[in-house]
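For this chain, numbers begin at 1 and follow the sequence in order. Values in this document were obtained by computation on a predicted structure and should not be read as measured data.
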Amino acid sequence: MDDLYIKISQLCDEANIKKMCKDACVSRGALSDLKIGRTKSLSSSTLQKIAAYFNISVDYFLGVNNEPKKEDGVKTPSSENKFSPSLQK
């Protein structure tokens, strides 16, 4: 069983994977493929949906962080200033 699948299953009990997939709009087939080893990864959009569902960083799934840390105050492109201060008037 793939490490990524193990991390996801630890976040939600095996019985709740179905609910998580439905609520987060994630394909159960993608997780089944991951579980049985047919695929070794998920798309970035799928990982983002799962991370958003659990309110954690995608870094946890990528192995950057070993613990699923809660996301607080995440900057989005719309919340960041896209222009240099010198260009604003």
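Distance check, rounded to the nearest 0.5 Å: CG of Leu42 to CG of Leu34 gives 5.0 Å. Here the straight-line distance linking atom CD1 of Ile6 with atom CG of Leu11 works out to 12.5 Å at 0.5 Å rounding. Between Ser41 atom OG and Tyr5 atom OH the span is 16.0 Å, to the nearest 0.5 Å. Rounding to the nearest 0.5 angstrom, the gap separating the CG atom in Leu31 from the CD1 atom in Ile8 is 5.0 Å. Here the straight-line distance linking atom CG of Asn16 with atom OG of Ser9 works out to 11.5 Å at 0.5 Å rounding. Between the CZ atom of Phe54 and the SG atom of Cys12 there is a distance of 4.0 Å, given to the nearest 0.5 Å.
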Report the C-alpha separation of Leu47 and Leu4 in whole Å, then their side-chain angles, then the decisive distance to 0.1 Å, and conclude whether the side chain to side chain contact (heavy atoms under 4.5 Å, CB included) test is met.
-> CA-CA 10 Å; Leu47 288 175; Leu4 179 56; 4.0 Å; yes
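Using a 4.5 Å cut-off on side-chain heavy atoms (C-beta onward), Val64 and Val58 make no contact.
Thr46 pairs by the side chain to side chain donor-acceptor pair (under 3.5 Å) definition with Ser43, not counting sequence neighbours. Every residue two or more places apart in sequence or in another chain was checked for a salt bridge (charged side-chain N to carboxylate O under 4.0 Å, His left out) with Asp59, and none qualifies. Applying the side-chain contact (heavy atoms from CB on, under 4.5 Å) criterion to Lys7, with sequence neighbours excluded, gives Tyr60, Phe61.
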Could you list the donor-acceptor pairs under 3.5 angstrom formed between side-chain atoms of residues 20-28 and any protein atom two or more places apart in sequence or on another chain?
residue	atom	partner	partner atom	Å
Asp23	OD2	Lys19	NZ	2.5
Ser27	OG	Gly29	N	3.2
Ser27	OG	Ala30	N	3.2

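In plain terms, the two heavy atoms of Ser57 and Ala51 that are nearest each other are C-CB, 4.2 Å.
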